[in-house]
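Read through the structure below, which is laid out as structure tokens, and then see the notes.
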Amino acid sequence: MARTFDYRHVITLEETNLVGNVYFTNYLRWQGHCRERFLMEHAPGVLRALRGALALVTVSCQCDFFDELFASDTVELRMALQGTSDNRVTMTFDYYRTSGPVAQLVARGSQTIACMSRTEQGTVPVSVPAELRDALSHYIE
């Protein structure tokens, strides 16, 4: 079983729609939260580099839904590394409702980011920073 980086979130009413379930775009927003928490904890130098020329550009993201989440549910995102190539990193996300007696898989998603550098001519691809590559190596699927 792959080691995962886990991010827990308690759902608020703000994240629900008129029907009362979580609005679908929040699942993608939580992927971003999980990714940023990972950087804070495991690659803070990369996070600092984002204030300069480095850019982590999301080039694709997706999510498949299996069950609904509601306000006051606790959801745990379990992020793993699917792979890296050149300047890209692909991560997977399993979403578990953990507010019940047994964790229940409610969604599954993925996200690919491209490492880029901002230049006067625009953004250009750069290699995945070593600090990020090293941090992610512990979470490979």
Side-chain angles (χ1 to χ4, degrees), residues 1-100 102-141:
M1 177 178 229
R3 181 174 163 202
T4 59
F5 175 80
D6 301 339
Y7 164 70
R8 283 186 167 228
H9 177 75
V10 177
I11 298 166
T12 64
L13 285 171
E14 172 192 22
E15 297 167 305
T16 63
N17 58 27
L18 292 173
V19 179
N21 59 359
V22 170
Y23 191 65
F24 74 96
T25 59
N26 287 299
Y27 291 79
L28 300 178
R29 189 168 59 106
W30 298 334
Q31 285 184 14
H33 289 185
C34 184
R35 181 183 75 186
E36 291 168 18
R37 294 286 175 118
F38 177 83
L39 292 174
M40 286 180 210
E41 293 180 29
H42 298 286
V46 172
L47 201 55
R48 286 190 298 277
L50 292 173
R51 296 181 193 146
L54 180 66
L56 299 180
V57 179
T58 302
V59 294
S60 70
C61 61
Q62 67 87 31
C63 192
D64 295 321
F65 307 95
F66 309 128
D67 201 1
E68 296 176 310
L69 290 169
F70 299 91
S72 81
D73 279 343
T74 299
V75 62
E76 181 177 271
L77 277 74
R78 299 177 186 173
M79 183 182 80
L81 173 66
Q82 185 175 32
T84 60
S85 64
D86 300 325
N87 74 319
R88 295 190 179 214
V89 175
T90 301
M91 299 150 289
T92 60
F93 298 86
D94 288 340
Y95 299 72
Y96 284 88
R97 177 186 295 116
T98 59
S99 42
V102 175
Q104 177 191 7
L105 181 67
V106 295
R108 179 170 282 144
S110 66
Q111 183 177 121
T112 299
I113 60 168
C115 299
M116 308 291 283
S117 180
R118 295 180 190 93
T119 70
E120 291 180 13
Q121 293 76 34
T123 56
V124 295
V126 295
S127 296
V128 176
E131 180 186 20
L132 180 55
R133 189 178 297 276
D134 291 345
L136 286 168
S137 70
H138 302 287
Y139 297 92
I140 194 153
E141 280 189 317

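Please read these numbers as outputs of a predicted model, since none were measured by experiment.
- The closest side-chain heavy-atom distance from Phe66 to Val106 is not below 4.5 Å.
- Taken from CD1 in Ile140 to CZ in Arg3, the straight-line distance is 13.0 Å, to the nearest 0.5 Å.
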### Query
ring-ring contact (aromatic ring centres under 6.0 Å, His included) between Tyr27 and Phe65: does it pass, once the steps are laid out?
CA-CA 9 Å; Tyr27 291 79; Phe65 307 95; 4.7 Å; yes

### Query
Under the side-chain hydrogen bond (donor to acceptor under 3.5 Å, both in side chains) criterion, do Gln31 and Tyr95 qualify, and how do the steps go?
CA-CA 10 Å; Gln31 285 184 14; Tyr95 299 72; 3.1 Å; yes

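- No donor-acceptor pair closer than 3.5 Å links the side chain of Thr4 to the backbone N or O of Asp6.
- Contact detail for Val19 and Asn17: the closest heavy-atom pair is N-OD1, 2.9 Å.
- Contact record, Ala43 with Leu132: CB-CA, 4.4 Å, taken as the closest heavy-atom pair.
- Distance alone, capped at 3.5 Å, is enough to place a donor-acceptor pair between the Glu131 side chain and the Val46 backbone.
- Relative to the ring axis of Phe5, Arg37 does not place its NZ or CZ within 45° and under 6.0 Å from the centre.
- None of Leu56, Thr84, Asp86 except one satisfies the side-chain contact (heavy atoms from CB on, under 4.5 Å) rule with Cys115; the exception is Leu56.
- Asp134 CG to His42 NE2: the interatomic distance, rounded to the nearest 0.5 Å, is 13.0 Å.
- When every heavy atom of Ser99 is checked against every heavy atom of Thr74, the shortest pair comes out as OG-N, 3.4 Å.
- Residue Phe93 holds its CZ atom at 11.0 Å from CD of Gln82, rounded to the nearest 0.5 Å.
- In this structure, the side chains of Val75 and Leu77 come closer than 4.5 Å at one or more pairs of heavy atoms.
- At least one donor-acceptor pair closer than 3.5 Å links the side chain of Arg118 to the backbone N or O of Leu54.
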### Task
Begin from the C-alpha positions of Tyr7 and Met79 and carry the test side-chain contact (heavy atoms from CB on, under 4.5 Å) through to its verdict.
CA-CA 8 Å; Tyr7 164 70; Met79 183 182 80; over 6 Å; no

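- To the nearest 0.5 Å, the span separating OG1 on Thr25 from OH on Tyr23 amounts to 5.5 Å.
- Nearest heavy-atom pair across Cys63 and Leu28 is CB-CD2, 4.2 Å.
- Between the CZ atom in Arg108 and the CD atom in Gln62 there is a gap of 10.0 Å [rounded to 0.5 Å].
- With values rounded to the nearest 0.5 angstrom, Arg29 atom CZ is found 13.0 Å from Phe24 atom CZ.
- The two atoms that bring Val126 and Asn87 nearest to each other are O-CB, 2.8 Å, heavy atoms only.
- Using a 4.5 Å cut-off on side-chain heavy atoms (C-beta onward), Val57 and Thr123 make no contact.
- With hydrogens and angles ignored, the 3.5 Å screen pairs a side-chain donor or acceptor of Asn26 with a backbone N or O of Glu15.
- Using cut-offs of 30° and 60° on the angle between ring planes, the pair Phe38 and Tyr139 is perpendicular.
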